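Report on one structure; see the data block that follows.
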Amino acid sequence: MRGTVIIGGGQAGFQTAVSLRAEGYSEPIAIVGEEAHLPYQRPPLSKGMLTGKQQERHAVLRPADFYVAQRIDLITGTRVESLDPASCSVSLAGGQRLEYDSLVLATGARNRLLPGAERALYLRTLGEAAEARARIAVAASIAVIGGGFIGLEVAAAARTLGKPVTVIEAAPRLMARVLAPVVSEYFRQRHEEHGVRILLNASVERIEKDEVVLVDGTRVPAELLIVGIGVAPNVELASSAGLDVANGICVDEHLRTVDPRIFAIGDCAEYENVYAGVRLRLESVQNAVDQAVSVAQAIVGRGTAYDSVPWFWSDQFDIRMQMAGIGTGFDQVVTRGDLESRKFSVFYYRGGELKAIDSLNCPAEHLLARKIIAARASISPEQAADESFDLRTAIS
Ligand code: FAD
């Protein structure tokens, strides 16, 4: 076959195939995915699937007959072992070889492993979520290493089930990589209010059978240990094929690698983000979906430079936080709304320019935030903080 071969059957790979057909692409499409499941979305894995509110069927993106109807050749449980750009072909485990006109690398990322934590659970796949759910149900004590989004979502889910949970975070505050101190502190208070024990500036000395021992001697009960300390992009296939790789597979503004027939998207791709003004790699559903749509358009010859507004969400207890833009490197932060009301937004500025907005339990303000960031609207910190200032006027 030729046509388009997509490596990776996650959010980005799935969406590429769907968008190609929506764009009227009639050539063959194959998705080769290492996981044995139908393509599924990952957000429920650290949220509803742990509490039992959601089942595997809620995560699966489309039933098997969808792929047949759309003439998408879905090859699951099979790894692409090598890529040969010279002959425009990939080799699958088992020996099958597929030729392509266009190739999309949507290989995602894998969990970073904590040395010495062999008994720990990690959370990336449906199988891991099912195991975490079963083990949380019977665990007398749970320690979560990593106070990032996934660690905190897991802690919230386990606490919702009434389990004693401790979060061990090496940094001085939660989700410090992306959030302003005011938001980190807000989440710390909400977690503690729900009975989660939060340990900051906490370095792990060693992992024992039922405990985690910290450098300061604190012993944390950990019959079940869950680790969420970030991910590493799956770039090996690209690098061994001679494609450029940095903190991800390097692509241009059309999401093309140095080989014009090969694209890379989603968690595995590093690109120039026009809102941040730097090259970066994002790990979000928005990024995976919008980049897939953009690549499908490029493949059918209707491509434009990729410039979607980054956005993300996280659910912890009764808090839905939605982020628009890229706030890293901020030098000023203002809050709009009253933290006590538990509905507010935080505006991130760099050099006087609005870069990002986090909205907590304010879904309408988040939708507006995406438009504000897309329009690069000028809103001063004073206006942002003033609730009588109508944000809509900034984009009208
Ligand atoms: P992936 O979903 O990782 O898919 C890549 C696929 O490629 C994998 O199935 C992998 O096995 C396969 N693969 C890799 N190499 C090969 C190969 N050589 N051959 C064949 N197949 C291969 N984002 C949000 O915006 N909001 C959330 O609330 C949120 N919650 C999340 C919760 C969890 C537990 C996790 C893990 C992620 C969450 N994310 C969330 C992030 C979001 O799910 C990811 O950014 C998104 O799934 C990225 O999609 P992707 O297709 O790039 O990568």
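It should be emphasised that the depicted structure is a prediction, and the values quoted were computed from it without experimental measurement. One-based numbering, in listed order, for ligands and for the atoms of each. FYI, side chains are in, hydrogens and waters are out, and symmetry mates aren't considered; it's all heavy atoms of this structure.
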Per-atom filter on ligand 1: closer than 4.0 angstrom to a heavy atom of A106 are 5 (C), 6 (C), 7 (O)

Please check: side-chain N/O of S89 versus main-chain N/O of E99, any donor-acceptor pairing under 3.5 Å?
no

Check: R350 side chain, T328 main-chain N or O, donor-acceptor pair, under 3.5 Å
yes

the protein heavy atom lying closest to atom 24 (C) of ligand 1 turns out to be F312 CE1, 3.3 Å

Could you tell me which atoms of ligand 1, counted from 1 in the order shown, lie closer than 4.0 angstrom to a heavy atom of S284?
23 (N), 25 (O), 45 (O)

Is there a polar contact, in the sense of an N or O pair closer than 3.5 Å, between E35 and ligand 1?
yes

Which residue and heavy atom of the protein sit nearest atom 21 (N) of ligand 1, plus the separation
E34 N, 3.0 Å

Looking at V32, which atoms of ligand 1 are within less than 4.0 Å of one of its heavy atoms?
20 (C), 21 (N)

Can you tell me if E340 has over 12 outside heavy atoms packed within less than 6.0 Å of its CD?
no

Show, in sequence, the C-alpha distance, side-chain angles and deciding distance for E34 and R124, and conclude whether the salt bridge (charged side-chain N to carboxylate O under 4.0 Å, His left out) test is met.
CA-CA 13 Å; E34 186 178 16; R124 180 94 198 160; over 6 Å; no

Atom 45 (O) of ligand 1 has as its nearest protein heavy atom D267 OD1, 2.7 Å

In this structure, which one of E153, H191, R159, H194 forms a side chain to side chain donor-acceptor pair (under 3.5 Å) with Q316?
H191

If you measure every N or O of V285 against every N or O of ligand 1, does any of those distances drop under 3.5 Å?
yes

Which residue owns the protein heavy atom closest to atom 14 (C) of ligand 1, what's the atom, and how far is it?
T107 O, 3.1 Å

With no hydrogens and no angle check, is any side-chain donor or acceptor of R279 less than 3.5 Å from a backbone partner on V251?
yes

Checking the N or O distance criterion of under 3.5 Å, is ligand 1 in contact with R124?
yes

Can any side-chain N or O of K355 pair as donor or acceptor with the backbone N or O of F330 at less than 3.5 Å?
no

Keeping the roles fixed (side chain from D259, backbone from G242), state whether a donor-acceptor pair exists under 3.5 Å.
no

Considering only protein heavy atoms, which is closest to atom 41 (C) of ligand 1, and at what distance to one decimal place?
E283 O, 4.1 Å

ILVMFWY cluster membership beyond V231 - transitive side-chain contacts under 4.5 angstrom:
none

Determine the interplanar angle of the W311 and W313 rings, folded into 0 to 90°, and report it as parallel if under 30°, tilted if 30 to 60°, perpendicular if over 60°.
tilted

Examine ligand 1 and decide if any of its atoms is less than 4.0 Å from a heavy atom belonging to S314.
no

Flag atom 4 (O) of ligand 1 as yes if some protein heavy-atom distance to it falls below 4.0 Å, otherwise no.
yes

Please check if the side chain of S19 supplies one atom and the backbone of T16 the other of a donor-acceptor pair under 3.5 Å.
no

Min side-chain heavy-atom separation F66-V18 under 4.5 Å
yes

Is the closest heavy-atom distance from T78 to ligand 1 below 4.0 Å?
yes

I need the nearest protein heavy-atom contact for atom 39 (N) of ligand 1: residue, atom name and distance, please.
P43 CG, 4.5 Å

Considering only protein heavy atoms, which is closest to atom 12 (C) of ligand 1, and at what distance to one decimal place?
G8 CA, 3.8 Å

Between Y186 and R190, is there a cation-pi geometry (under 6.0 Å to ring centre, at most 45° from the normal)?
yes

Taking atom CD of E169 and atom CD1 of I229, what is their separation to the nearest 0.5 Å?
10.5 Å

Of all the atoms in ligand 1, which lie at a distance below 4.0 Å from a heavy atom belonging to A109?
3 (O)

With atom 30 (N) of ligand 1 as the reference point, say which of K47, H37, E128 has the nearest heavy atom.
K47

So if I count the atoms of ligand 1 from 1 in the order they appear, which ones are less than 4.0 Å from some heavy atom of A288?
49 (O)

Which of the listed options, R42, Q41, R110, holds the heavy atom that is closest to atom 8 (C) of ligand 1?
R42

Identify the protein heavy atom lying closest to atom 53 (O) of ligand 1, giving its residue, its atom name and the separation to 0.1 Å.
G108 CA, 3.3 Å

Does only the side chain of T125 get under 4.0 Å from ligand 1, or the backbone, or both, or neither? Count heavy atoms.
neither

Counting distance only, does the side-chain N/O of E128 pair as donor-acceptor with the main-chain N or O of T125 below 3.5 Å?
yes

Donor-acceptor contact present, side-chain S294 to main-chain D290, <3.5 Å
no

Can you confirm, on distance only, whether ligand 1 has an N/O atom lying under 3.5 Å from any N/O atom belonging to L45?
no

If I apply the N/O under 3.5 Å rule, does I150 come out as touching ligand 1?
no

Side-chain donor/acceptor of Y348 to backbone N/O of A180, under 3.5 Å
yes

Backbone, side chain, both or neither: what part of W313 comes under 4.0 angstrom of ligand 1, heavy atoms only?
both

Any N/O pair S46/ligand 1 closer than 3.5 Å
no

Closer than 4.0 Å to some heavy atom of G266 - which atoms of ligand 1 meet that?
52 (O)

Enumerated ligand 1 atoms positioned under 4.0 Å from heavy atoms of I7:
17 (C), 19 (N), 20 (C)

Would you say Q286 has any N or O atom under 3.5 Å from an N or O of ligand 1, going by distance alone?
no

